[in-house]
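From a predicted model like this one, the values you see are computed outputs, not experimental measurements.
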Amino acid sequence: MTNKIYGVDLDSDFTPLEVRDAILACFKMAHSEILNQTLELGSFKKEEIEKLKEINIEVMIKGLFKKNGDDYDKPTKESLIKIIGELKEFSKNFRAEDVIDKHYTEIMMLINKLR
């Protein structure tokens, strides 16, 4: 059995890009319910809502990288730490502290394993 966090295998080597993608997956999952409520106000099909959620999260995270002067397509361990710190703060508007801490801890496990 493999030990995975958001699709990243903890028992193998992985890249900052894979961790960035795990952050996208984590944030989409954690905020899916809120995004559903927002997007269901329109007349979107289920597949369209899923695509819009992905785009929404990606645009937000790309914006954080840009604001920090970091490269979304070439993340570093340091840029990933900044991003998850900002996402943790942002999430306090929507999620319970224990849920935020759980996701933050999982992503930090990935970041801490980067070389």
*Heavy-atom neighbours of K77 NZ exceed 12 at 6.0 Å*: yes
*Which heavy atom in R115 sits nearest to a heavy atom in D13, and how many Å separate them?*
NH2-OD1, 3.0 Å
*So, for K4 and D9, which heavy atoms are closest and what is the spacing to 0.1 Å?*
CG-CA, 3.9 Å
*Considering all heavy atoms, the nearest P75-P16 contact*: O-CB, 3.2 Å
_With rounding to the nearest 0.5 angstrom, report the OH to CD1 distance, Y104 to I23._
10.5 Å
*Kindly compute the distance separating CG (N3) from CG (D11), expressed to the nearest 0.5 Å.*
5.5 Å
*Is I81 close to E78 at the side-chain level, that is, under 4.5 Å between some pair of heavy atoms?*
no
*Passes salt bridge (charged side-chain N to carboxylate O under 4.0 Å, His left out), K102 versus E106? Steps please.*
CA-CA 6 Å; K102 175 188 177 293; E106 289 172 335; 2.9 Å; yes
*With a 4.0 Å cut-off, would you call E48 and K51 a salt bridge?*
no
*How far apart are the closest heavy atoms of L17 and D73, and which atoms are they?*
CD1-O, 3.6 Å
*Between Y72 and F65, what is the ring plane arrangement, given parallel below 30°, perpendicular above 60°, and tilted in between?*
perpendicular
*Is there side-chain contact between L114 and L80, with heavy atoms separated by less than 4.5 Å?*
yes
*Would you say N68's side chain and L64's backbone share a donor-acceptor pair under 3.5 angstrom?*
yes
*Is the shortest heavy-atom distance from the side chain of Y6 to the side chain of H103 under 4.5 Å?*
yes
*Starting from the C-alpha separation in whole Å, work towards a yes-or-no answer on side chain to side chain contact (heavy atoms under 4.5 Å, CB included) for I61 and L87.*
CA-CA 8 Å; I61 292 176; L87 291 173; 4.0 Å; yes
*Look only at the side chain of N112 and the backbone of M109, and say whether a donor-acceptor pair between them is shorter than 3.5 Å.*
no
*Taking all non-hydrogen atoms of both residues, which atom of I107 and which atom of C26 are closest, and how far apart?*
CD1-CB, 4.2 Å
